[in-house]
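Quick notes on the structure that follows.
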Amino acid sequence: MSESVNPWRLDGRVALVTGAGRGLGRACALTLAEAGATVIAVARTQADLDALSAAHANIDTWVADVCDDAFYNQLEGLASLDVLVNNAGTNQPEPFEQVTPDTLTRVVGLNVTAMFRTAQSGARVMLQRGAGSIINMSSQMGHVGSPGRSVYCMTKHAVEGLTKAMAVELADRGVRVNSIAPTFIETPLTKPMLADAAFSAFVKRMIPMGKVGQPDDVAHGVLYLASDAAAMVTGHSLRVDGGWTAA
């Protein structure tokens, strides 16, 4: 009797992770590599990518800006792509009435426009062989509102809409599309915010589980959505939020 296939393994598959230099992207790249995938880690900082590639033999690196046409051209030049983790993004908390046009343009440009174009380029490669999994990095803020985060919430609601539309359009051609929606996760981006005692207490009050998430909490969800364990899952938003949006 042959051994059963482990649906969580990604041996022989190619995965690309944007924003992979630090935080969630780094954790996702390492988790996918541990599952057997050949991972292309994309970030703007060479030193971050060097440290990442030194951590696992299955990781190749691209120094690239996901807002540049050159990146989309490079992505579409891949011979194959099985998994795309569309992770690059940013946030700049500000009171609604103080948001500047520059902030609006920058955050929307990375969180929405670049995410759309990265997903589009990745899908073009996947559709050539009729298979693939795209995971768009959303947020619990794609399901609720929050003071001081009007632009961020807007962009993450857009990610949720994009995910659903892509999922429906690409389902019959073998490409699954899902989002993952974390709560506040302890990363280099959030550590300064969470260092504020009042803010940290607010976050923990809002999370029924009473704790801040860790990068691996998100990376394990990404592995599920990337793998055959989620073969019948598309158009879904996996909320890794400790119950924030359920309360």
Side-chain angles (χ1 to χ4, degrees), residues 17-32 41-45 47-49 51-52 55 66 85-100 102-104 106-112 114-115 135-160 179-225 237-247:
V17 182
T18 65
R22 299 183 181 185
L24 296 182
R26 177 184 171 87
C28 290
L30 287 170
T31 296
L32 296 177
V42 181
R44 292 182 298 178
T45 304
D48 290 340
L49 291 174
L52 178 58
V66 299
V85 182
N86 208 353
N87 169 70
T90 191
N91 186 17
Q92 185 169 329
E94 291 177 342
F96 174 71
E97 69 276 13
Q98 295 177 19
V99 173
T100 65
D102 285 347
T103 295
L104 184 62
R106 182 173 63 84
V107 178
V108 171
L110 182 54
N111 289 9
V112 180
M115 182 164 286
I135 300 126
N136 293 324
M137 187 62 68
S138 181
S139 166
Q140 66 183 18
M141 298 304 174
H143 298 274
V144 296
S146 184
R149 288 171 169 77
S150 57
V151 179
Y152 186 75
C153 288
M154 177 179 70
T155 62
K156 293 306 183 179
H157 276 73
V159 170
E160 294 294 348
S179 67
I180 190 159
T183 187
F184 286 90
I185 305 295
E186 188 175 356
T187 68
L189 181 67
T190 62
K191 277 185 178 179
M193 292 183 272
L194 294 170
D196 181 281
F199 182 75
S200 180
F202 160 73
V203 168
K204 290 176 182 177
R205 283 197 308 272
M206 294 296 293
I207 300 174
M209 291 183 74
K211 61 181 180 180
V212 174
Q214 298 300 313
D216 281 348
D217 295 325
V218 180
H220 294 156
V222 165
L223 174 59
Y224 164 66
L225 294 173
S237 179
L238 179 57
R239 304 185 197 188
V240 186
D241 68 355
W244 182 307
T245 60

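In what follows, every heavy atom counts, from backbone to side chain, and hydrogens, waters and symmetry copies are set aside.
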*Provide the closest heavy-atom pair for Met115 versus Ala88 in the form atom of the first, atom of the second, distance.*
CE-O, 4.2 Å

_Minimum-distance pair of heavy atoms, taken over all atoms of Arg149 and Pro93_ = NH2-CG, 3.9 Å

_Does Leu225 form a side-chain contact (heavy atoms from CB on, under 4.5 Å) with Leu238? I'd like the steps, not just the answer._
CA-CA 9 Å; Leu225 294 173; Leu238 179 57; 4.2 Å; yes

*Hey, mind stepping through Val159 and Asn111 against side-chain contact (heavy atoms from CB on, under 4.5 Å) and telling me if it holds?*
CA-CA 8 Å; Val159 170; Asn111 289 9; 5.6 Å; no

*asked:* Tell me whether Asp216 contacts the main-chain N or O of Ala219 through its side chain, where contact means a donor paired with an acceptor under 3.5 Å.
replied: no

_Main-chain N/O of Thr103 paired to Thr100 side chain as donor or acceptor, under 3.5 Å_ = yes

_Could you measure the distance from the NZ atom of Lys211 to the CG atom of Asp217? Nearest 0.5 Å is fine._
6.5 Å

*Verify the neighbour count for atom CE of Met193: are there more than 12 heavy atoms of other residues, nucleotides or ligands below 6.0 Å?*
yes

_Minimum-distance pair of heavy atoms, taken over all atoms of Ile135 and Val222_ = CD1-O, 3.9 Å

*Donor-acceptor pair, side chain of His157 and main chain of Met141, under 3.5 angstrom*: yes

*Does Arg22 CZ have over 12 foreign heavy atoms under 6.0 Å away?*
no

_How close do Ser150 and Phe96 get, counting heavy atoms only, and between which atoms?_
OG-CD1, 3.5 Å

*Apply side-chain contact (heavy atoms from CB on, under 4.5 Å) to the pair Leu104 and Met154, showing each step before the final yes or no.*
CA-CA 10 Å; Leu104 184 62; Met154 177 179 70; 3.8 Å; yes

*Heavy-atom closest pair, residues Thr183 and Ile207*: OG1-CD1, 3.4 Å

_Nearest-0.5 Å distance, CG of residue Asn91 to OG of residue Ser139_ = 8.5 Å

_Rounded distance (nearest 0.5 Å) linking atom OG1 of Thr90 with atom CG of Leu110_ = 6.0 Å

*Would you give the length of the straight line joining atom NZ of Lys204 to atom CE of Met206, rounded to the nearest 0.5 angstrom?*
15.0 Å

*Within the side chain of Lys156, is there an N or O that forms a donor-acceptor pair under 3.5 Å with the backbone of Met137?*
yes

_Euclidean distance, Asn87 CG relative to Cys28 SG, rounded to 0.5 Å_ = 6.0 Å

*Decide yes or no on side-chain contact (heavy atoms from CB on, under 4.5 Å) for Lys191 and Glu186, but give the supporting numbers first.*
CA-CA 6 Å; Lys191 277 185 178 179; Glu186 188 175 356; 3.6 Å; yes

*Any chance you could measure Asp196, atom CG, to Ser200, atom OG, to the nearest 0.5 Å?*
8.5 Å

*Between Gly142 and Glu160, which heavy-atom pair has the shortest distance, and what is it?*
O-CG, 3.7 Å

*Check: Phe202 ring centre within less than 6.0 Å of Phe184 ring centre*: no

*Taking the side chain as C-beta and beyond, is there a heavy-atom pair between Val212 and Leu194 under 4.5 Å?*
yes

*asked:* Could you check whether any side-chain N or O of Thr190 sits under 3.5 Å from a backbone N or O of Ile185, counting only pairs where one atom can act as donor and the other as acceptor?
replied: yes

*Does some side-chain heavy atom of Val85 sit less than 4.5 Å from a side-chain heavy atom of Thr18?*
no

*asked:* Whether the side chain of Thr187 engages the backbone of Leu189 through a donor-acceptor N/O pair (distance < 3.5 Å, no angle test) should be reported.
replied: yes

*Side-chain H-bond candidate by donor/acceptor type, Thr31 with His220, under 3.5 Å*: no

